[in-house]
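A short write-up of the structure that comes next.
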Amino acid sequence: MQETSRRGLVSLAVLILAGACVGPSRSDGDYRQKVANAAEATRSAVETARLVTRAAAEGKAPGRYSSLVLSEAEVDASSIAESFKRVQPPSRRIQHLREELSSVLDSSTSSLAALRIAAYQGDGERLSELAADLPRLSSKLARFEHLAAG
Amino acid sequence: MKRVLGAALGVFTAIGGFMDIGDLVTDALIGARFGLAMVWVTVVAVIGITVYSEMAGRVATITQRPVFDLVRERMGARLGLANVVVSYLLNALTLVAELCGVALGIELATDVHYLLWVPLVALVTFFVMWRLPFKHMERLYGLVGLFLFVFVVAVWQLGPDWGAMWHDVTHPSVPSGEGLPTYLFYAVVMLGAQMTPYEVFFFSSGAVEHGWTTSDLGQARLNVFIGYPIGGILAIGIQAVAALALQPAGIQVEHLSQSVLPVVMAFGKLGLACAVLGIVAATFGSVLETLLSSGYTVAQHFGWSWGKSMAPTSAARFSVLVIATLIGATALALTTINPITITIYAVYLGAASLPFTFLPILIVANDRRYLGEHVNGRLANALGVVYLFVVSAAALVAVPLLIATKGGL
């Protein structure tokens, strides 16, 4: 009885861990879903940056707070990009999605890093200048979300 | 004024329980993802925790003994011990998250990494535990925690469409793009975040620390009926500002800094200062609640002398346990373990363990040998049984939903 319960617990733990890990994609549909998820999560980081830079430009968000938010957004975007690139596309048909999204993810991470540095240096003008690129990145990422759904 | 301050235990317990680091992130996460479609869960949680805290407070006030002391006596040491072990581990796990929560709150204002603040927070906790009287502790952190009302005021400042908001609250539905299992997963998370077992332990033990007697029954009820609805209003305020400011942008909340962003957008630096003050006070309150509850549950079960109001030498085992728990939790927090992840899991396990907290309270609150004429009335019993079913159902579906949704993905 004890052995059965132990096996049950081990199976449960394996199931949870398996569910939490980023696994390889088994089908095109599965890969498209991963594309959508990565784009959606990165867009969240980009939009967070957009809101905080707007608040900073209006004199509402202090420099230290903006710097913290942008730093977290950058770490999130970078970690999403790394995880996404580790997943292999299951077929050549959708290989292009990997390359296209990877490029947007890299651009997003770089933009967020530049914003974080400008906020840290208290360079409001540069911050507003760099933030002007965020809506374009957000739209690009949104297109991937819709592409994958279709 | 005296009456208002008299409600401090309830406000402190509720703010510590409803506004701990888990709630601060979960409320914003749910508001940004589901809008106001889960306000009903907060309403359900407020009524449930009020019902059971009133019972626990009444038991403590009439008998001058905390409810878990009586649970052991009434239900036997073996069953009581299982409850104590689970409760202690949950409290200690939550303490780790709350220590990090205070540090994350300070990080918002300083941009100095939260891990550097954790040892300092632990040190301040140690001094507050031993130097600040119980009444001053609850008044200070309970009242400063009310700065969190900045989230509620920010709802007005963000200029919502009140009609649409009311419709979303009264006609909750699963938003497009979300599955029903994910919606239910977050409903359980929110229920667990807002109906935490330590709120009941703390309120019941706090009543004994206050030395409340039968004549203070009204005071105990006032605390419950004022405190928890305040906690609920704050929780709904955070969900609402997240729904107004973050949901349209498609933001997925993962950090405390994102939870306060709507307040910064509404009120700027002053809003941020109020939010940080409220967050630090509320999460520090949760640190004290979870730490004391860890000591209370074990000491009460084994019949040790206990109490924050007692000199450490008079309650040596209780004091050593509290210090050891604080040191252990600080060490775990410093391993760089993700506090938000710990919180979510603690909240989830808390939801799964709620029936084991509530059932003994319901039994003791119906025992005339302890409460005489003050046993549960029909309304308390009806609500108590309904909520026992609600939390049991949540506990049953907790693990299957966790697996099915891969943790809410």
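All chains are named by letter (A, B, ...) in the order of the sequence lines, taking the proteins before the strands, and each is independently numbered beginning at 1. Hydrogens, waters and symmetry mates are skipped; everything else that's a heavy atom, side chains included, is used.
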### Query
Which residues from residues 114-141 of chain A are near chain B, with near meaning under 4.5 Å between non-hydrogen atoms?
none

#### Entry: Distance (rounded to the nearest 0.5 Å) between A:K60 NZ and B:L261 CG
11.0 Å

### Message
To the closest 0.5 Å, what do you measure between CD (A:E58) and CE (B:M265)?
### Response
8.0 Å

### Query
Which answer fits B:L272, side chain, backbone, both or neither, if we ask what part of it has an atom under 4.5 Å from a heavy atom of chain A?
side chain

### Query
Do the side chains of A:L51 and B:L246 get nearer than 4.5 Å, heavy atoms only?
yes

### Message
Is the shortest side-chain heavy-atom distance between B:T110 and A:Y65 below 4.5 Å?
### Response
no

### Query
Any chance CZ of B:F356 has more than 12 other-residue heavy atoms, nucleotides or ligands included, within less than 6.0 Å?
no

### Message
Can you tell me which portion of A:A73 sits under 4.5 Å from chain B's heavy atoms? Options are side chain, backbone, both or neither.
### Response
neither

### Message
Which one wins on heavy-atom pair count under 4.5 Å against chain B: A:A41, A:G59, A:S44?
### Response
A:S44

### Summary
From the list B:E254, B:E107, B:Q252, B:Q258, the residue making the most non-hydrogen contacts under 4.5 Å with chain A is B:Q252

### Query
With a 4.5 angstrom heavy-atom cut-off, which part of B:A109 approaches chain A: side chain, backbone, both or neither?
backbone

### Task
Please assess B:H255 against A:D76 for the test side-chain contact (heavy atoms from CB on, under 4.5 Å), listing each intermediate value before the final yes or no.
CA-CA 10 Å; B:H255 307 282; A:D76 289 346; 2.7 Å; yes

### Summary
Looking only at B:L108, B:I251, B:V276, B:V112, most heavy-atom pairs under 4.5 Å shared with chain A are made by B:I251

### Query
Is there a donor-acceptor contact under 3.5 Å from the side chain of B:K269 to the main chain of A:P62?
no

### Query
For B:V260, is it the side chain, the backbone, both, or neither that has a heavy atom closer than 4.5 Å to a heavy atom of chain A?
both

### Task
Would you mind checking which part of B:A32 comes under 4.5 Å of any heavy atom in chain A, side chain (CB onward), backbone (N, CA, C, O), both or neither?
neither

